[in-house]
Amino acid sequence: MNLNKNQKETIRGYLFVAPVLLLLFLFSLYPLFKTIYFSFFDIRLASMNRKVFAGWKNYRLLFTRVNPSFFSQILPATVYYVVGSVAGQIGFGFLLAILVQQKFVKGREAIRAIIILPWVVSGIIIAISWRFMYEPRLGVLNYLLASMGVGNPPTWLNDERLVMGCLVVANIWHGMAFSFIIQTSGLHSISDEVMEAALVDGANGFQRLTLIIIPLVRQFLVLNLILTSMATINSFDLIFAMTNGGPMFKTEVISVQMYHRAFGFGRLGEGSAIATIILLMNLILTIFYMRMNKNQSEGGDG
Amino acid sequence: MRSKRSLLLKVITYAIILMWIIFTIGPLYWLLSSTFKPSSEAIGYPPTLFPKNPTLQNFKNLFTASRFNFYSYGHSFIIGCGAMFISLLVAMFAGYGLSRVHFKGKQIVMTTILLFQMVPILATLIPLYQTFSRYGLYNTHLGLMLIYATQTAPMNTWLLKGYFDTIPYSIEEAAQIDGLSRLATLYRIALPIAAPGLSASTIFAFFKAWNEYMVALTMTSTVRPYTVELYRFIGEQGDVDWSLLGTAALIAVLPVFILFSFFQKYFIIGMSGGAIKS
C-alpha cells in the first residue's frame, strides 16, 4: 500500500483512540440506544429474551398508573428533591466559598479539606450515617430534641411530611462540596485589583457582592446549576438506601421509580421508558452545558 | 466603630464556618465512633460523645461472629484495581494520540468522548444487565470493572491529553529521530513525565469503583463488593447493629480519607469531572 504521510498519521491517530472508543461504544452508546429501543417493548426480567412490541404502552403506563401516580407523587417528589438539593448545595457552597476566602481566615486549607470530606465517602455509608442520625429511638437528633425538652419528637424518615426534607439535608451534606469547589475557583478568577478598586471606591460588603462578585462569577453559578441538577436527577443511591421511595411514595423520585419498575417488578420495558425520559431531561441540560462551555472558551475567562 | 464592625464580621464568619464543620463531621463521627463502643453503648441512652469503655471487640465480631462477609473488601479492591487499569490503559493511548497525532476528525472524536461523560448510568443499566446476563458477565469482577472503567475513561482521556499537551514535543521528536517508534516514545518518554496526571487518574478511577453501589447491587449476586454487603446488612436485619455497621464503614472509609489527605488536589480534579481544571 502506498499511503502518503497524512494518511498514515490519520490511521495512527485512530489506532490510538480505538480502544477508548470501543469501550465507550460497547458499554455506553450501544446500551444507551438499546434502552430507547427496549422502551417500546414488553420485556420481563424473568424471561429477558422474549420481547413483545408494545408501542407507547410503557410510556402510557408511567403517566396513568395510580400507585404511585406520576403527576401527584413522582413529579412533586422529584421536583422537591432536585430543587431543594440544588438550591441548598449552591447556596451553601457559594456562601462558604466566600467566607473561607476571606483574608483573615486561618487554616484555610484544613477547613477546605473538611468541607470536601463528605464528597469522597461512598453513598451507602452516607445513607447509613444519616439513618443513624434520624433513627427515632436511638438517633442523636431525637436525643438532642429530648434534652431540649421536646416531648413528642418526630420520627423523621417515617414521617410523611418530614422525610423529603430529611433526604434533602443529607444530600446537601453530601454534594455541597462540588458547588463549594466550583464557586471557590470562580472567586479565584476575580483579580485582586478589581476588589481593591471597589474598596477604594467605598463599596460596602453588600454592594461588592451584588455588583462585583455575582456578575463576575455568574458563569460559574450557571455551570454549577446545570451540573448539579443533572447529578441530582440521575442519582438514586441515597434515596434507595435511606427510604427506598417510602413512606407512601413520598420520596419516590423518577430515578427510584425507574429502578423499582425494572428490577423490583421486573418490567424492563417500563424501566427503559422511564430511563428514556430521564435521558431526555439530561439531554436538554447537556445542550445548555455545551453552550456554556463554548461561551466560556470563547469568552476566555474559563 | 469601623473595627468593631469588622470584628463582628469576623466572628460571624468563623461562627458559620464552625457550624458547617460540625455539621460536616457530626454524622460521620457519630457512625464511626460507634466502632469503639460496645453495642449496648452505641445504642444506649443517653448517647455518648466519646466511647466510655473503648473497645476493639467490634472488629473481632465483624471478622468472626457477624454475617458480614469480610471478603467483600477484597472484591471491591480487585474490581477497583481492574477498573482503574482498564480505564488508564485506554485513556493513556487515546490521550497520547489526541495530544500528539494530527488526524482528520480529531475534534469530533474529542467532543464525542467528552459527551460520553454525560451519559448517566441509569440510562444504560437495563440493557447492560440483559447483555451481561446473556454473555456471562453477570456476577463477575470483569463485568463491574468494564462498567466502571467506561464511566471514568472519558474524563481520564481528557486529563491525560492535557498532561501530554504540557510536555514539550521536542523531547519526543529527538527520541524519534534516534529511532524510537511512536509507541516506545509514549512508553519510555511521555509516560514518566505525565506521572502526576497518571496518579490523578489512578486515584479517581479507583475510588469511583470503590464507592459505587447501585450498579454493583444490580450486577452481582455473590461476588458482592463491600458497598452491597453494607446495603444488605441494613436491609435484611430488623434490628440494626449500629456498632458493627460503623466498624464495617470505618474500614471502608479509612483508606479513602488517608489517600484524600495526600492527594486532595487530584481528587478534586478527577471528581469534579473536568469542570475544575486548576
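Protein chains get the first letters and strands the later ones, always in sequence-line order, with residue 1 at the start of each. Just so it is clear, the structure is predicted and the values come from calculations on it, not from any experiment. Atoms considered below: every heavy atom in the structure, side chains included; atoms not considered: hydrogens, waters and symmetry mates.
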| Measuring heavy-atom distances to chain B, does A/Leu23 have an atom under 4.5 Å in its side chain, in its backbone, in both, or in neither? | both
| said: So which atom in A/Lys106 and which in B/Tyr14 form the shortest heavy-atom distance, rounded to 0.1 Å? | reply: N-OH, 3.0 Å
| Can you check side-chain contact (heavy atoms from CB on, under 4.5 Å) on A/Met230 and B/Met118, steps first, answer last? | CA-CA 9 Å; A/Met230 282 172 83; B/Met118 299 296 192; 3.9 Å; yes
| task | Please say whether more than 12 non-hydrogen atoms of neighbouring residues, nucleotides or ligands are located less than 6.0 Å from CZ in B/Phe85. | result | no
| said: With rounding to the nearest 0.5 angstrom, report the OG to CG distance, A/Ser129 to B/Leu245. | reply: 9.5 Å
| message | Within this structure, what is the CZ-CG distance for the pair A/Phe240 and B/Leu217, rounded to the nearest 0.5 Å? | response | 5.5 Å
| said: Under 4.5 Å from any heavy atom of chain B, what part of A/Leu279 do you find: side chain, backbone, both or neither? | reply: side chain
| task | Examine whether an atom of A/Ala231 lies under 4.5 Å from a heavy atom of chain B, and if so say whether it belongs to the side chain, the backbone or both; otherwise answer neither. | result | neither
| field | Pairs touching residues 268-283 of chain A that satisfy salt bridge (charged side-chain N to carboxylate O under 4.0 Å, His left out), sequence neighbours left out | value | A/Arg65-A/Glu270, A/Arg261-A/Glu270
| task | Would you confirm whether A/Trp173, through its side chain, and B/Phe23, through its main-chain N or O, come within 3.5 Å as a donor-acceptor pair? | result | yes
| Atom group of A/Leu21 that falls short of 4.5 Å from chain B, counting heavy atoms | side chain
| Looking at B/Glu212, B/Arg134, B/Lys106, which one has more heavy-atom pairs under 4.5 Å with chain A than the rest? | B/Arg134
| field | Greatest number of heavy atom pairs closer than 4.5 Å to chain B - which of A/Ile115, A/Ile36, A/Leu45 | value | A/Leu45
| message | Closer than 3.5 angstrom, by distance alone: can the side chain of A/Asn282 be matched with the main-chain N or O of B/Val119 as a donor-acceptor pair? | response | no
| request: Measure distances from B/Leu259 to the heavy atoms of chain A and classify the residue's part below 4.5 Å as side chain, backbone, both or neither. | output: neither
| request: Examine whether an atom of A/Tyr37 lies under 4.5 Å from a heavy atom of chain B, and if so say whether it belongs to the side chain, the backbone or both; otherwise answer neither. | output: neither
| When rounded to the nearest 0.5 angstrom, what distance separates OH in B/Tyr226 from OG in A/Ser122? | 4.5 Å
| Spacing of CG belonging to B/Leu32 relative to CZ belonging to A/Phe132, to within rounding of 0.5 Å | 10.5 Å
| field | Side chain / backbone / both / neither for B/Ile17 at chain A, heavy atoms under 4.5 Å | value | both
| note | Most contact-rich option vs chain A, by heavy-atom pairs under 4.5 angstrom, among B/Thr150, B/Ile113, B/Leu28, B/Leu98, is B/Thr150
| task | Go through A/Leu29, A/Thr286, A/Ile128, A/Leu268 and name the one with the most non-hydrogen pairs under 4.5 angstrom from chain B. | result | A/Ile128
| A/Asn6, A/Leu26, A/Asn49: which one forms the most heavy-atom pairs within less than 4.5 Å of chain B? | A/Asn49
| message | I need the residue from B/Ser87, B/Ala249, B/Ala153 with the largest number of non-hydrogen atom pairs under 4.5 Å to chain A. | response | B/Ala249
| Do you know the tightest heavy-atom contact between A/Thr10 and B/Phe103? | CA-CB, 3.4 Å
| task | Counting only heavy atoms closer than 4.5 Å, note whether B/Ala248 contacts chain A via side chain, backbone, both or neither. | result | neither
| query | Looking at A/Ser272, A/Ala275, A/Ala262, which one has more heavy-atom pairs under 4.5 Å with chain B than the rest? | reply | A/Ser272
| Relative to chain B, which segment of A/Met258 carries a heavy atom at a distance below 4.5 Å: side chain, backbone, both, or neither? | side chain
| Would you find more than 12 non-hydrogen atoms of other residues, nucleotides or ligands less than 6.0 Å from B/Leu8 atom CG? | yes
| task | Please examine the side chains of B/Phe93 and A/Val20, heavy atoms only from C-beta on, and report whether any two atoms are closer than 4.5 Å. | result | no
| task | Kindly give the heavy-atom pair with the smallest separation between B/Trp242 and A/Glu135, and that separation in Å. | result | CZ2-OE1, 4.0 Å
| Based on non-hydrogen pairs under 4.5 Å, which of A/Asp237, A/Asn234, A/Ile278 is most in contact with chain B? | A/Asp237
| note | Applying a strict 4.5 Å limit to non-hydrogen atoms, the region of B/Trp30 in contact with chain A is both
| message | For A/Tyr30, I'd like to know if atom OH has over 12 heavy atoms of other residues, nucleotides or ligands within 6.0 Å. | response | no
| query | Side chain, backbone, both or neither: which part of A/Ile233 has an atom under 4.5 Å from a heavy atom of chain B? | reply | neither
| Side chain, backbone, both or neither: which part of B/Thr157 has an atom under 4.5 Å from a heavy atom of chain A? | side chain
| field | Check: B/Tyr213 side chain, A/Gly123 main-chain N or O, donor-acceptor pair, under 3.5 Å | value | no
| Interface residues of residues 120-130 of chain B facing chain A - non-hydrogen atoms under 4.5 Å apart | B/Pro120, B/Leu122, B/Ala123, B/Thr124, B/Leu125, B/Ile126, B/Pro127, B/Leu128, B/Tyr129, B/Gln130
| request: Tell me, out of B/Ile21, B/Val253, B/Val256, B/Leu146, who's got the most heavy-atom pairs with chain A below 4.5 Å. | output: B/Leu146
| query | Looking at CD1 of B/Ile25 and CD1 of A/Ile114, how far apart are the two atoms once the value is rounded to the nearest 0.5 Å? | reply | 4.5 Å
| task | Could you tell me whether A/Phe104 atom CZ has more than 12 heavy atoms of other residues or ligands within 6.0 Å of it? | result | yes
| task | With rounding to the nearest 0.5 Å, note down the distance linking OG1 in B/Thr24 to NE2 in A/His174. | result | 12.5 Å
| message | Please determine whether side-chain contact (heavy atoms from CB on, under 4.5 Å) holds for the pair A/Phe25 and B/Phe116, giving the CA-CA distance in whole Å, both sets of side-chain angles, and the decisive distance to 0.1 Å. | response | CA-CA 9 Å; A/Phe25 285 165; B/Phe116 275 106; 3.7 Å; yes
| message | Could you walk me through whether A/Lys34 and B/Thr131 satisfy the side-chain contact (heavy atoms from CB on, under 4.5 Å) test, starting with their C-alpha distance in whole Å, then the side-chain angles of each, then the deciding distance to 0.1 Å, before giving a yes or no? | response | CA-CA 10 Å; A/Lys34 219 166 164 187; B/Thr131 311; 3.6 Å; yes
| query | A/Thr35 versus chain B, heavy atoms under 4.5 Å apart: side chain, backbone, both or neither? | reply | both
| said: Heavy-atom cut-off 4.5 Å, strictly under: side chain, backbone, both or neither for A/Leu96 against chain B? | reply: side chain
| field | More than 12 heavy atoms of other groups within 6.0 Å of A/Phe33 CZ | value | no
| query | Using 30° and 60° as the class limits, which term best fits the ring planes of A/Phe27 and B/Phe132: parallel, tilted or perpendicular? | reply | perpendicular
| remark: Turns out that what part of B/Ser261 lies under 4.5 Å from chain A's heavy atoms comes down to neither
| task | Determine the minimum heavy-atom distance between A/Val121 and B/Asn211, stating which atoms define it. | result | C-ND2, 4.0 Å
| Where on A/Phe38 is there a heavy atom nearer than 4.5 Å to chain B: the side chain, the backbone, both, or neither? | side chain
| Distance-minimising heavy-atom pair for A/Tyr14 and B/Lys104 | OH-O, 2.8 Å
| said: With chain B as the partner, which of A/Glu109, A/His188, A/Arg131 has the greatest number of non-hydrogen pairs under 4.5 Å? | reply: A/Arg131
| request: Examine whether an atom of B/Thr218 lies under 4.5 Å from a heavy atom of chain A, and if so say whether it belongs to the side chain, the backbone or both; otherwise answer neither. | output: both
